[in-house]
Amino acid sequence: AQTVTQSQPEMSVQEAETVTLSCTYDTSENNYYLFWYKQPPSRQMILVIRQEAYKQQNATENRFSVNFQKAAKSFSLKISDSQLGDTAMYFCAFMNSGYSTLTFGKGTMLLVSP
Amino acid sequence: DAGVTQSPTHLIKTRGQHVTLRCSPISGHKSVSWYQQVLGQGPQFIFQYYEKEERGRGNFPDRFSARQFPNYSSELNVNALLLGDSALYLCASSLAPFRTGSNQPQHFGDGTRLSIL
């Protein structure tokens, strides 16, 4: 079974600064997908960024980028130029290519302050 | 276009009762998955349906069941409710499961918050 570990329960950052959220996972599979989802308070889960394990190039979506280290089974999320609207719970998630269900970590609460 | 819609938004039940939660996927999406999110935890997979058939089941007791209708909407049923069933129940839809070879992410609804007294 796959496991996803987010070791930072809470993180704080000031507006315009850069913050990195950590995620490690455990799997014996070679083909899989990794995701970061954002869940603002009392609002729906939103896909932030995704990475296919077979791609060596790190995914980037505007201010969001990942550092995917396949050998280390590490998948961190970097948020540049943090904005107040980035305040949310961030979940790292794993999906095996042979299935289509997500395994989530426990989440990291990110607070962006003025 | 409307996103994934779930009803009801909130629900309060007592132990031993039965509950039905509903989900309408994004138009054109044929796959629906259900997740349980206990307070302070990440979501846990319960069921996945694709083309009206169960394609996956998580580690949940038989008190949990689900089905998908011809219009691809879905219901999650929970019998004999326990206090531990109190959670946010999330529905997610996608065009098709990854298993079919297409890289289709899951889109989530706002969830149904179920409280058991």
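Because only heavy atoms are used, hydrogens play no part in the values below, and waters and symmetry mates are left out as well, while side chains stay in.
The CG atom of L88(B) sits 11.0 Å away from the CD atom of Q44(A) when rounded to the nearest 0.5 Å. Between Q44(B) atom CD and T103(A) atom OG1 the span is 9.0 Å, to the nearest 0.5 Å.
Heavy atoms closer than 4.5 Å to chain A are found nowhere in Q6(B), neither backbone nor side chain. Within the 4.5 angstrom heavy-atom criterion, only side-chain atoms of Q39(A), from C-beta onward, approach chain B. For chain B, the nearby parts of L102(A) are the backbone and the side chain; heavy atoms of each come within less than 4.5 Å.
Other residues, nucleotides and ligands contribute more than 12 heavy atoms inside 6.0 Å of the NZ atom of K13(B). When the shell of 6.0 Å around CZ of R63(B) is examined, it contains more than 12 heavy atoms from other residues, nucleotides or ligands. Counting heavy-atom neighbours within 6.0 Å of K106(A) NZ, excluding the residue itself, gives a total of 12 or less. Taking a 6.0 Å sphere around CG of N62(A), one finds it holds 12 or fewer heavy atoms contributed by other residues, nucleotides or ligands. Surrounding CG of L39(B) are at most 12 heavy atoms belonging to other residues, nucleotides or ligands under 6.0 Å away. When the shell of 6.0 Å around NZ of K52(B) is examined, it contains more than 12 heavy atoms from other residues, nucleotides or ligands.
Closest non-hydrogen pair, T101(A) versus Q106(B), comes out as CA-NE2, 4.3 Å. Scanning both residues, F91(A) and G42(B), for their nearest heavy atoms gives CE2-CA, 3.4 Å.
Put simply, the side chain of Y37(A) never gets that close to the backbone of F108(B): no donor and acceptor are under 3.5 Å apart.
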